Amino acid sequence: MAKATFQKPKGTADLYGQNVLAWQKIEQQARLIFSRYGYGEIRTPIFESFDLFSRSAGDTSDVVTKEMYDFFDKGDRHMALRPEGTAGVVRAFVENKLFGPEHEKPYKTFYMGPMFRYERPQAGRFRQFHQIGVEAFGSTEPSLDAEVITMVVKFLDSLGLKDLKVALNTLGDQESRAAYRQALIDYLKPHEAELSKDSQVRLEKNPLRVLDSKDKNDQVIVQGAPTIFDYLSEESKAHFEAVKGFLNDLGIQYEIDPAMVRGLDYYNNTIFEVMTTDPDLKGAATIAGGGRYSGLVEEFGGPETPGIGFGLGVERLIALLTAQNQLNLKASGLDFYLAHIGDASQALTLELATKLRDLGFSADLDFAGRSVKAQFKTANRRQARFVITIGDEEVATKQVKVKDMVTGKQAAMDLSKMDEQIEDVMAELVAEEAE
RNA sequence: GCGGUAGUGGUGAAGUGGUUAACACACUGGUUUGUGGAUCCAGCAUGCGAGGGUUCGAUCCCCUUCUACCGCCCCA
């Protein structure tokens, strides 16, 4: 240990053994549900030009100014590890001309993978974290908003997540938003001195942010603030009403949260977050967030194309599922464990294991030259259903013993006729157990 | 980026300025030599995150650093 040792980079994690089971289940479930909704997977690079992200997120946002994991490559290009998924997907959408006539509209796609943010790790927050996200381009229909929201909810439901809450809000279109922003400033300015220091800064940079301040005094002031609903254009109002109507029809529970804001500039109209009301997980309450956006595709050189999407944090999801005890996943036990006695039987044992695997069974054997007793202990720990014992005797007779680890019963099996006998032998042993 | 707490074996952990760093779990071996989950026995940290310093002597005191965790900012 005095040797130089390596540690994983700050804010990253190694996942193995029991832990990956949850990841596999979540990813599998996402693929399954999303494909049912007509979303196909897209895989984009993990790093892109720094400008791609700074352009999409806005130069003043925290993500760009202090959280970007950026570097200069050997060609002196300013690159960044993707802090979120949307920018890369939009870039790919434009670059590959997925807006073309041969592609379905809306173009519905999903992605999953690691994202990076250079920040201080803490509860449910890492430098490398993972998101599963969805984007749909080319439709402004409110039914699409409803579909996307429904899909997240169904996905999380399918994992057994409890205490879910969909918070819904609208930011209106450009004009609504600009008008509201001004109204908010007009309202807050006279209170500026009473606001918390953080909110005073927010008032300058992004007044909407003041709305979801955690400061108690701020919250009191905010209560008297005008709401976006008074500044919504007819179109935005109609859109929002339609979304709510569809969600009602679909039986999706939601709550209007006028204080909810999304950080990035390109959001408009519907925005939503999926959170948990589980009080034990305040630090990781929001699991998914998303909404409608416009202007992004044009920003990257594509035709004017509206988009809607969401991203969800896998680590947070897992933390939640774990807290709610929904991840009692077990690696499945072995079908066969092969115990061999002595070196002479090793070749036959390996051969037999391979044959069983070819037949579709899971099988494993000892590679440490341990005693039969120890091998049986291992078989037990591995939850092997059957143990086949192979020693000199078996090598000579070409007949092995198959032991049912549940009943303790043993049966003989001819190796030469294993293909035909194996099922019968298993059935016979299992049948005895049922008696 | 700022503030706080912590860092002992595979795991959970006790511990003290000074001979062999508790205990438990796990693991390995054994309990008459080719058969499991119980019991019992035995083994299992030349080292207490790393690097310096104080001291006759430090895992225990000081400094630096790394990492984890908590809070702020922000967010998934």
Side-chain angles (χ1 to χ4, degrees), chain A residues 1-13 17 57 60-68 82-86 112-133 196-199 201-202 205-206 209 212-215 261-264 273-276 282-290 310-320 337-342 344-345 366 368-395 400-410:
Chain A
M1 281 298 252
K3 282 264 175 62
T5 56
F6 290 106
Q7 290 179 302
K8 60 185 176 300
K10 193 185 186 77
T12 63
T60 57
S61 70
D62 270 36
V63 173
V64 174
T65 55
K66 61 175 197 180
E67 291 176 2
M68 201 85 95
R82 35 133 101 145
E84 49 89 32
T86 303
M112 55 180 73
M115 307 290 162
F116 306 82
R117 246 111 114 163
Y118 195 89
E119 62 178 343
R120 192 87 168 253
Q122 57 179 273
R125 200 196 283 188
F126 306 87
R127 286 191 171 178
Q128 173 172 336
F129 60 102
H130 297 75
Q131 281 190 340
I132 296 177
S196 65
K197 269 177 253 134
D198 287 328
S199 284
V201 176
R202 292 186 188 111
K205 282 172 65 179
N206 189 350
R209 277 263 162 240
D212 62 358
S213 169
K214 282 171 198 154
D215 186 274
V261 231
R262 300 244 88 208
L264 307 181
E273 283 183 2
V274 184
M275 52 190 76
T276 176
K282 37 194 184 290
T286 302
I287 353 167
F310 71 81
L312 71 83
V314 180
E315 282 83 357
R316 287 192 179 179
L317 179 55
I318 287 175
L320 255 178
Y337 192 84
L338 313 205
H340 66 274
I341 302 112
S345 56
D366 171 68
R370 303 193 305 148
S371 69
V372 183
K373 184 191 180 81
Q375 293 187 65
F376 265 84
K377 279 188 175 176
T378 301
N380 212 47
R381 201 180 327 124
R382 297 282 296 274
Q383 296 180 62
R385 184 57 210 265
F386 302 100
V387 172
I388 297 180
T389 331
I390 303 161
D392 295 342
E393 194 184 313
E394 285 79 3
V395 172
V400 295
K401 292 187 201 117
V402 182
K403 180 171 182 176
D404 183 332
M405 292 300 275
V406 175
T407 61
K409 294 268 166 44
Q410 284 200 125

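Computed from a predicted structure; not experimentally measured. Lettering of chains follows the sequences in order, A, B, ..., and the numbering in each one begins at 1. What's counted below: heavy atoms across the whole structure, side chains too, no hydrogens, waters or symmetry copies.
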**Item:** Carboxylate-amine/guanidinium contact A:Glu119 A:Arg127, below 4.0 Å
**Value:** no
**Message:** I want to check one thing: is the phosphate of B:U35, taken as OP1 and OP2, less than 4.0 Å away from some side-chain N or O of A:Lys403?
**Reply:** no
**Message:** Classify A:Lys10 by what it touches in the nucleic acid, base, sugar-phosphate, or nothing, heavy-atom distance under 4.0 Å.
**Reply:** sugar-phosphate
**Request:** Write down the atom of A:Phe129, the atom of A:Glu315, and the distance for their closest heavy-atom approach.
**Result:** CA-OE2, 3.3 Å
**Prompt:** Looking only at N and O atoms, is any donor in the side chain of A:Gln122 or the base of B:G4 less than 3.5 Å from an acceptor on the other one?
**Reply:** no
**Message:** Using a 4.0 Å heavy-atom cut-off, does A:Gln383 contact any base of the nucleic acid, only the sugar-phosphate backbone, or nothing at all?
**Reply:** nothing
**Message:** I'd like to know if A:Glu119 reaches the base of B:A76 with its side chain such that a donor and an acceptor end up less than 3.5 angstrom apart.
**Reply:** yes
**Prompt:** Quantified in whole Å, what is the P atom distance between nucleotide B:U55 and nucleotide B:C60?
**Reply:** 16 Å
**Request:** On RNA chain B, check which nucleotide each of A:Glu394 and A:Lys8 is closest to and give me the residue with the more 5' one.
**Result:** A:Glu394
**Message:** Using a distance-only criterion (donor-acceptor N/O pair, under 3.5 Å, no hydrogens), is the base of B:C74 paired with the side chain of A:Arg125?
**Reply:** yes
**Message:** For a quick check under 3.5 Å, do A:Thr378 and A:Arg370 share a side-chain donor-acceptor pair by atom type?
**Reply:** yes
**Request:** Using both pair distances under 3.5 Å as the test, note the stems of at least 3 consecutive Watson-Crick or G-U pairs that include RNA chain B.
**Result:** B:1-7 with B:66-72, B:10-12 with B:23-25, B:27-30 with B:40-43, B:49-53 with B:61-65
**Request:** Mark yes or no for a side-chain to base donor-acceptor pair under 3.5 Å between A:Gln410 and B:U35, with no hydrogen or angle criteria applied.
**Result:** yes
**Request:** Determine the Euclidean distance between corresponding C1' atoms of B:G15 and B:A50; express it in Å to zero decimal places.
**Result:** 22 Å
**Prompt:** Hey, does A:Ala384 reach any base, or is it just sugar-phosphate, or nothing, if we go heavy atoms under 4.0 Å?
**Reply:** nothing
**Request:** When you get a sec, tell me which of B:G29, B:U67, B:A68 is the closest nucleotide to the side chain of A:Gln7?
**Result:** B:U67
**Message:** For the C1' atoms, the ones on B:G3 and on B:U8, what distance do you get once it is rounded to whole angstrom?
**Reply:** 27 Å
**Message:** Taking the minimum atom-to-atom distance to the side chain of A:Val372, which one of B:U35, B:G29, B:G36 wins?
**Reply:** B:U35
**Request:** Go through B:G29, B:G36, B:A76 for me and flag the one nearest to the A:Phe129 side chain.
**Result:** B:A76
**B:U16 to B:A22 separation - C1' atoms, rounded to the nearest Å** = 12 Å
**Item:** Interatomic distance at P, B:A13 relative to B:C2, whole Å
**Value:** 30 Å
**Request:** Indicate, with a heavy-atom threshold strictly under 4.0 Å, whether A:Glu315 touches base, sugar-phosphate, or nothing.
**Result:** nothing
**Message:** With rounding to the closest Å, how many angstrom separate the P atoms on B:G10 and B:C48?
**Reply:** 13 Å
**Request:** Could you please name the option among B:G1, B:U28, B:U35 that lies closest to any side-chain atom of A:Arg120?
**Result:** B:G1
**Message:** At 4.0 Å (heavy atoms only), tell me whether A:Gly342 reaches a base, stays on the sugar-phosphate, or touches nothing.
**Reply:** nothing
**Request:** Give A:Gly11 one of three labels, base, sugar-phosphate or nothing, depending on what nucleic acid heavy atoms sit under 4.0 Å from its own.
**Result:** sugar-phosphate
**Request:** Output the distance between atom CD (A:Glu394) and atom CD1 (A:Ile388), rounded to the nearest 0.5 Å.
**Result:** 10.5 Å
**Message:** Can you tell me which nucleotide in B:G36, B:C75, B:U28 comes closest to the side chain of A:Arg381?
**Reply:** B:U28
**Message:** Testing the basics here: between A:Pro114 and A:Gln128, what is the closest heavy-atom pair and its distance to 0.1 Å?
**Reply:** CB-NE2, 3.4 Å
**Request:** Answer with base, sugar-phosphate or nothing: what part of the nucleic acid does A:Ser371 contact at a heavy-atom distance below 4.0 Å?
**Result:** sugar-phosphate
**Request:** For A:Ile341, report the nucleic acid contact type (base, sugar-phosphate, nothing); a contact means any heavy atom under 4.0 Å.
**Result:** base
**Request:** Determine the Euclidean distance between corresponding P atoms of B:G4 and B:A76; express it in Å to zero decimal places.
**Result:** 28 Å
**Request:** Among the candidates B:C74, B:G34, B:G36, find the nucleotide nearest to the side-chain atoms of A:Glu67.
**Result:** B:C74
